[in-house]
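Some notes on the structure that comes next.
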Amino acid sequence: MRTLIVNIKELLQIRENTIKKVSGVDMKVLPTIKNAYLLIENDNISDFGKMEDLNRITADTIIDAIGKIVLPTWCDSHTHIVYAGNREGEFVDRINGLSYEEIAAKGGGILNSSKKLQQTSEEELYLQSSKRVEEIMVLGTGAVEIKSGYGLTVEAELKMLRVIKKLDENYPIEIKATFLGAHAFPVEFKNNKDQYIDLIVDEMLPKIAEENLAEFIDVFCEDGYFSTQQTDRILTAGEQYGLIPKIHVNQFTILGGVQIGVKHNALSVDHLEVLDRNDIIALKNSHTMPVALPSCSYFLGIPYTPARQLIDAGLPLALATDYNPGSTPSGNMNFVISTACIKMKMTPEEVINATTINSAYAMNLSKTHGSITKGKRANLIITKPIPSYGFLPYAFGSNLIDTVLIDGNKV
Ligand code: NIG
Ligand code: FE
């Protein structure tokens, strides 16, 4: 099966396979080809170049992309899209003046979602979550990481991870699973937090490893949630089962979670709405990708991750949605790129690098996703006719996607 896309106004994010991420000033550079073609063979990108260099190629399908821009699909490296029900009641509480922390303190927040999830069957949870996967595919997401963390019992955490596995089996986009048992302390462990950590370490982890249900391990390292010492213990235990750390740090408070992440060679440290010099120093000379979640800042009205400080210090940056029922009920990566430009002063080139090549790195998909590279998966966004790629973040809220291809097939 061969599909040929011709007359592409501009083909974005052309890379050699050896480049795994872009950092600092290099993030301002987005390699492109104007008036291009791209050939897809058996799920993969097999060739691309300038139209004038296109030799006679026979193809089963030809797509004329005149006036349209083609780019790799978004990689969303941080979501919690397996959840039950919603929390629009808390949304109204916040409109009326309560903070995210105050809502959590009165039994809302993560524990509210966890109660709902525990009462929901695996089949129903799959059904609700699959709708969200279908929704984000249409919005141009071609790979997504999904976390557990609304179960908080052995049984319910396994239920979430099995749903994630089933989604991966049934949908063509790449889905990566993260174990986030350390998302919040269940009420029954309020006065004996170490006992809940024992449960994670002694019961949850061995079962997850046995069923091969996760590739990554996450901890919500935050005041009132998990301390740096507890985070350290959980990551150490996860590593013994081969799980790679990706952690929630610095959402509200600087606790030293970034340093714990770097110490464990975390693939990413996510949130970073608050940040200091020591965090930047720790991230320099590390392999850890900082990840910002601007839709979460937008929804909660909290500070935006200081992207300029990170990038201007020479660091890479990735962007993801954080799609979840409490802090970010949106899986729209198109909104993420607009918001990062508007609120975080990132350029269109920087946001496209942050949501393709760098976010592929943040979910261990550098070999197959995140750029237009021969041999990588043919996961592509074809836009509607637009004047330039800068129009994508600029025209916020408009749907500018004409077609999404996953493994060369139209969604
Ligand atoms: O990444 N911060 C922790 N976890 C989620 C929110 C979870 C929730 O409120 O349900 C986040 O923002
Ligand atoms: Fe999150």
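Start at 1 and go down the list; that is how both ligands and their atoms are numbered.
For the Fe ion (ligand 2), the N/O/S atoms of D270 include none lying under 2.8 Å. Under 2.8 Å from the Fe ion (ligand 2) lies an N/O/S atom of H78, whether from backbone or side chain. Backbone or side-chain N, O or S atoms of C296 do not reach the Fe ion (ligand 2) at under 2.8 Å.
Taking 4.5 Å as the limit, some side-chain heavy atom of K284 sits within range of a side-chain heavy atom of L315. In this structure, the side chains of N332 and Y323 stay at 4.5 Å or more apart for every pair of heavy atoms.
Between the side chains of D270 and Q251, not a single donor N or O lies within less than 3.5 Å of an accepting N or O. Side-chain contact check for N265 and H287: no donor-acceptor pair (N or O, by modelled atom type) lies under 3.5 Å. Side-chain contact annotation: E174 with H369, donor-acceptor N/O pair under 3.5 Å absent. For the residue pair D232/H264, the side-chain donor-acceptor check at 3.5 Å is satisfied. Counted by atom type alone, Y389 and E349 present one or more donor-acceptor pairs between their side chains at under 3.5 Å. Judged purely by distance below 3.5 Å, without hydrogens or angles, the side chains of D76 and T321 pair a donor atom with an acceptor atom.
Of the protein's non-hydrogen atoms, the one nearest atom 12 (O) of ligand 1 is S327 OG, 2.6 Å. The protein atom (non-hydrogen) at minimum distance from atom 2 (N) of ligand 1 is Q251 OE1, 2.7 Å. Protein heavy atom at the shortest distance from atom 10 (O) of ligand 1 is Y150 OH, 2.6 Å. Given atom 11 (C) of ligand 1, the protein heavy atom at minimum distance is D322 OD2, 3.1 Å. At the top of the distance list for atom 4 (N) of ligand 1, counting protein heavy atoms only, stands H183 NE2, 2.8 Å. For atom 9 (O) of ligand 1, the closest heavy atom belonging to the protein is Y100 OH, 2.4 Å.
Our summary of the site lists the angle at the Fe ion (ligand 2) between NE2 of H80 and NE2 of H248 as 100°, to the nearest 10 degrees.
Near R87, with a cut-off below 4.0 Å to any heavy atom, the atoms of ligand 1 are 8 (C), 9 (O), 10 (O).
Under 4.0 angstrom from ligand 1, there are no non-hydrogen atoms of E222.
Taking distance alone, with nitrogen or oxygen atoms compared against 3.5 Å, T328 stays at or beyond that limit from ligand 1.
For F185 and F226, the ring centers sit closer than 6.0 Å to each other.
Within D322, the N/O/S atom positioned nearest the Fe ion (ligand 2) carries the name OD1.
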